[in-house]
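Notes for the one structure printed next.
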Amino acid sequence: MASKMLSFKVRVEVWLKEGLVDAEGKTVEEALNDLGYRVSSSRVGKVYEFVIKAGDEEEAKRLVNEMCTRLLANPVKDKFIYEVKKIGVQ
Amino acid sequence: MASKMLSFKVRVEVWLKEGLVDAEGKTVEEALNDLGYRVSSSRVGKVYEFVIKAGDEEEAKRLVNEMCTRLLANPVKDKFIYEVKKIGVQ
Amino acid sequence: MYNKLPLPFELYEVDILKASEEDLLKISSEMGLNLNLNEMKAVKEFFVKRGRNPTDVELQTIGQLWSEHCRHKVFKGLIVNDEGKIVADNMLKNFIARATEEINAPWVLSFLEDNAGIVDFTDEHAIAVKVETHNHPSAIDPFGGAATGIGGVIRDVLGVWAKPIALIDVLCFGPLDYPYDKLPKGVKHPRYIMRGVVAGIGHYGNNFGTPTTTGAICFDEGYVGNVVVYAGCVGILPKPKYIRRVKPGDYILVIGNKTGRDGIHGATFASADLREDSEVSSRPAVQIPDPIEEEKLKRAILRIRDEELGSGITDLGGGGLAVAVVEMADRIKGGATVWLDKLHLREKMSPWEIWISESQERMLMGVPKDNLEKVLKIVNEEELECSVIGRFEDDNRVRVFFNDYLIVDLDVSFLLSPPKIVRKARWIPPNYDEPSFPEPENLNDELLRVLSSPNIASRENIIRTYDHEVQGNTALKPLHGEHGGPNDASIVKPLDRSWKGVVISVGLKPQYSKIDPYWMAASSIEEALRNNIAVGGRRIAILDNFTWGNPEKPDRLGQLVEAVKACYDFSKAFNTPFISGKDSLYNESPLGPVLPTLLITAIGIIPDIRKAVSLDLKSPKNPLYLLGLTRLELGASEYYRLKGFIGKSVPKVYVNESRKAMECVTKAIDRGYVRACHDLSEGGLGVAIAEMALSSNYGAVVDLSRVRREGVSRNDLVLFSESNGRFLLEIEKKSASEFEKLARDLGCTYSKIGEVSSDGSLVVSGINGEIVIDLPISEIRRAWKEGLKW
Amino acid sequence: MVIRILILRAPGTNCDEETARALREVGAEACIVHTNKLLSNEVDLFSYHGLVLPGGFSYGDRVRAGAIWASKLKSRLMEKLMEYALNGNPILGICNGFQALIELGVLPFTRRTDLNPKAALAPNISSKFEARWVYLKCHSNTCIFTRYIDVNEVPRMPVAHSEGRFILGEGLSGEELSKRGQVVFKYVKANGAPANSEYPFNPNGSMFDIAGICNEDGNVLGLMPHPERAVYDWQLPDYTSVRRYSGHADGWRIFKSMIEYIEEEIR
Ligand SMILES: Nc1ncnc2c1ncn2[C@@H]1O[C@H](COP(=O)(O)OP(=O)(O)O)[C@@H](O)[C@H]1O
Ligand SMILES: [Mg+2]
């Protein structure tokens, strides 16, 4: 760990895979239509934002991908996308 | 309603306001650190995606803003951001 | 071999008439039927007699109905030893059911037959109970798997027209500090699994609105590759409303969720590549839980029940519509016609998928023509969807149509009688030594270490994420009082106009199966009973839930036979009938088989919940009595485990002693002698007294030399022996002599081993009179409360 | 004449039956009615003396706890509901019902001009569901629901929720609410000392330790704890230890107060 560590700002979005029932999405859609809006195809997901330390962008991406499969998403039912942006040296 | 209606793809993100403890963000951060990642400043939000019908982009934005304050966010604790993109004519 | 028929929907004819043995196996595997050669031959024979080939839907129907999950083939099969001699024939009938039949208790209203077991409660009401396993789904998706486990077992209880009043969750995980780098590929870390499972159970129970009152959690290396999730549900129903009078002509309704591709077994025609991990028999796709949908279902079902509009009901569980329709038709010794295209769907699916989909939150109901309109109105008011998909018939045939085209035409009796399987079993006891290590000098540290072991420490962090009081009827709670003491059982008072309570407890001793599965099972039964009796329960019925490894391996099956034998022996010996249960076999992972695990759930009653006894010490100077004999029985004990040993001397069950102790406790409670009571289990006497004290604001003084013991002469071993049959009681001081007389009259081994103290510490003197433990209760409480960090 | 109370339910409401039992225990007739029946005017709110929004997970607490329920009521019942409240009819929101009243903007202020919520119930600081008994201190002598509870008394009730962290909107102060008698219950320690945000006495991280508030007129109360689970002494978590039974527990007094108010002021 002697090498210099960089900080990266990470954004992860986790969505239920297509084909699985998104009950929350359905409820939201109904409620919005009740309120008089003409809404369809509603889906609900989660966003995570955090800062991570890594040696370089490659590593940061690898780590984030790992975190997604190990904790933030369940690859069996979720799909996820992420972005990693360098924010500075430590 | 005689006038032609357009469809817009909408994305809304809802986050707890800065200054309020984001308990879920904290829990995720702890769990990620448990797993050996060096993560900080973690926050968790919700994303909604849906399609809405409106006369034009102005109207679509106005409607989405309204939906956010009426249902998707509670302005006392939440902040929200949204994007509206035209996807076609009906 | 598959011939697509020229129809506007997907249907294949499968050429089985000309299939060779090899072809038969290929069909079974390509279609994901999971049938062996013998079974496939029986299928072929059936169609040869019919003189036609089956459709894919028919083969899938047979695959589902003949599955291990639905037919309990191992439990009903023939089991032989290495010499080919029969060791068991139909264990379900000849061990489990036989015990219940021989006991022949008049208060058992329905057992091992309907969706849930049913026992008498009051003049008007009965109690229904079911416990399920949901291991495989929870391994794949801990949150969804555990949640749908709860959802599924709730539907079993709704499936006997009962209202759910309590939930049970019993969970086994790998050690939370298991090294990540030792995990085989594809196996998730116990921490991740536990977080998901606990959240899933809380999510479903809390949203659905039934209190999760009872459970257990166990950690062992044997669960790293195979998480174990038991989900149970207790319900109540007015006896006259237990309606099962479906008649030919009654409509078949499916109420609830839209049907989609959930839980359809992994294999399709396209993906021929299955079973690369050959120990795992099926990998149902994930199921998405929706407790609110089920809450609506509950409302509708209870309204339909109260107005007596339905003629029969069952849940849609494993095997989906195929299994539910056939089993319901069989109940009336009749048949059914189904119009499969009428079902409300979420997506476009082929007929076989619709027929066996395991979409959650759906129920099947029989409704007489005249009541249809009223049922539909209720369903509508509860914002549920519903389809009339068929009609019951008086022949023994199940016929399924899709767009008026006949796609299934099978005999009900054929579907319910798969060829009997024959399996080999071998039981070779392991050869462990009794460990020898010096007696530790400081038992303070030993006690604190045992108390903070994850297997013993407080479960408060988990239990408080479950709503255990919704419905407002939880009279004795899983967490007692201010300090969250670990009560032995919980009590629910389900009726406003009666003081009667339902007492719910469990017994779980999987560690003991490392030494001997027979005594593991015996101990589990005995512990479940003792837990129940400790709070005032009686007239106890039990449920068995097995989680085992691959029964095709003789050693696994050998252990299973041992455990099943014990089930018969001790159910009979304690006069406690089995009313329901379930087995989950094939729990294997790259790390080997699951630790053989038997959950015993005990359902007792207490005539008046105001007489319930909790474990916390109540007032200083009251004497403490130990019932039962302490033996040198530390094999697979928590104490040995923490020292790195297994040992040999697994606790046995001495029925006579045990029954006397139980009778003594019940009588003493009824006569008002007992202020506090706790059973001795993991961690033995040391943990029991510590838990009683830490649950209260008092302390205790205990003298180990007064403990009635046999063959134990070391303080640590007396303190941590896990001998069965023991209770620790706080007796009202003024009743002490009456209590002793009662114990003597019953011929019960008892001894006054100390008393409640007011100075807030636990002081234990050893066999030779020296002080071996002196600890402030606050420190004991901290160790116990902080042991299970996650 | 009997006192009739409407208990409103929605899909996922799951504390309606025990709430009805609590009301019957104090002599009222409790009618459990589906929200849709009110929205469709099949049932008239004004034919009831009081309204209770019970606990549960209405519509699965999707979006936010109580948000969907509130939006359904907002879309078709808002004016009636306001009129009902302003007429002085008692309205009680328990747990999910409290969340809905906050989302509706009926609490903390029923008399107001704009429709936006002025408070929120955010996810618990522990980020977990919390089921535990808490001690409350009563701070209001104007709220009609505490006629049977004296100021500074310390009643005990269980909470069971994951979104109960009370947050007051910008520009509003707790003191101001307090002064007007709108802070009805605060979380405290067993001896009545302030919880001062300390977990688990304040189980969710609520601002000013607020557990329950009422409107300006004192006839609308919302609280996170469940009084309907503390109606009888046998529901207490240490019932077997105390052996000092009175028949009823503290939650009973809230329902009793409600009914007495109706008897004296409304009927
Ligand atoms: N191993 C077992 N021990 C005791 N009872 C069992 C066992 N397996 C099944 N049963 C009982 O047989 C009946 C039918 O079981 P099953 O078909 O598994 O029900 P379901 O499909 O509704 O879960 C139930 O009452 C169940 O409890
Ligand atoms: Mg069933």
Side-chain angles (χ1 to χ4, degrees), chain A residues 1 5-16 18 22 24-55 59-73 78-81 84 87-88 90, chain B residues 1 5-16 18 22 24-55 59-73 78-81 84 87-88 90:
Chain A
M1 281 301 188
M5 287 300 251
L6 302 171
S7 286
F8 297 86
K9 186 161 173 84
V10 180
R11 235 186 94 86
V12 177
E13 275 181 31
V14 181
W15 297 85
L16 219 49
E18 316 291 339
D22 181 354
E24 181 160 13
K26 218 180 68 191
T27 310
V28 170
E29 184 171 316
E30 277 167 22
L32 287 173
N33 282 305
D34 267 357
L35 289 174
Y37 305 102
R38 297 175 57 195
V39 165
S40 58
S41 315
S42 154
R43 293 187 72 78
V44 184
K46 273 200 167 184
V47 223
Y48 299 85
E49 282 189 6
F50 50 86
V51 172
I52 187 176
K53 295 226 184 304
E59 194 200 350
K61 283 196 172 154
R62 191 178 51 74
L63 291 175
V64 172
N65 195 68
E66 225 177 76
M67 288 179 197
C68 287
T69 54
R70 285 174 75 179
L71 182 75
L72 301 178
D78 302 320
K79 59 179 187 193
F80 56 87
I81 45 175
V84 168
I87 47 170
Q90 194 203 27
Chain B
M1 281 297 187
M5 287 299 252
L6 302 172
S7 285
F8 296 87
K9 186 160 174 87
V10 180
R11 239 187 91 85
V12 178
E13 277 181 30
V14 181
W15 297 85
L16 217 52
E18 319 285 341
D22 179 356
E24 188 174 359
K26 232 177 51 197
T27 310
V28 170
E29 181 170 320
E30 278 166 19
L32 286 172
N33 283 305
D34 261 5
L35 288 175
Y37 305 102
R38 299 175 55 196
V39 164
S40 57
S41 316
S42 153
R43 296 185 71 78
V44 183
K46 273 196 171 185
V47 223
Y48 299 87
E49 281 190 6
F50 50 84
V51 172
I52 186 177
K53 295 227 183 303
E59 193 199 354
K61 284 197 173 156
R62 190 177 52 73
L63 292 175
V64 172
N65 196 71
E66 224 177 77
M67 287 180 203
C68 287
T69 52
R70 285 179 75 184
L71 178 66
L72 301 178
D78 302 318
K79 61 176 188 194
F80 56 88
I81 45 174
V84 169
I87 48 170
Q90 195 203 24

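Keep in mind the model is a prediction, meaning the values are calculated, not measured. Side chains are part of it too, since the values below use all heavy atoms of this structure and drop only hydrogens, waters and symmetry mates.
Between chain A and the residues V14(B), V44(B), V51(B), the most heavy-atom pairs under 4.5 angstrom are made by V51(B). Comparing A31(A), S42(A), A54(A), S40(A) by heavy-atom pairs within less than 4.5 Å of chain B, the highest count is held by S40(A).
Residues meeting the side chain to side chain donor-acceptor pair (under 3.5 Å) test with E29(A), sequence neighbours left out: none. Partners of R70(A) by side chain to side chain donor-acceptor pair (under 3.5 Å), not counting sequence neighbours, listed by chain and number: Y37(B).
More than 12 non-hydrogen atoms from other residues, nucleotides or ligands lie less than 6.0 angstrom from NZ of K79(B).
The minimum heavy-atom distance between Y48(A) and W15(B), with the atom names listed, is C-CH2, 4.3 Å. Contact detail for I52(A) and V39(B): the closest heavy-atom pair is CG1-CG2, 4.3 Å.
Atom CG in L35(B) sits 11.5 Å away from atom CG in L63(A) (nearest 0.5 Å). Note that the OG atom of S41(B) and the CD atom of E49(A) stand 10.5 Å from one another [nearest 0.5 Å].
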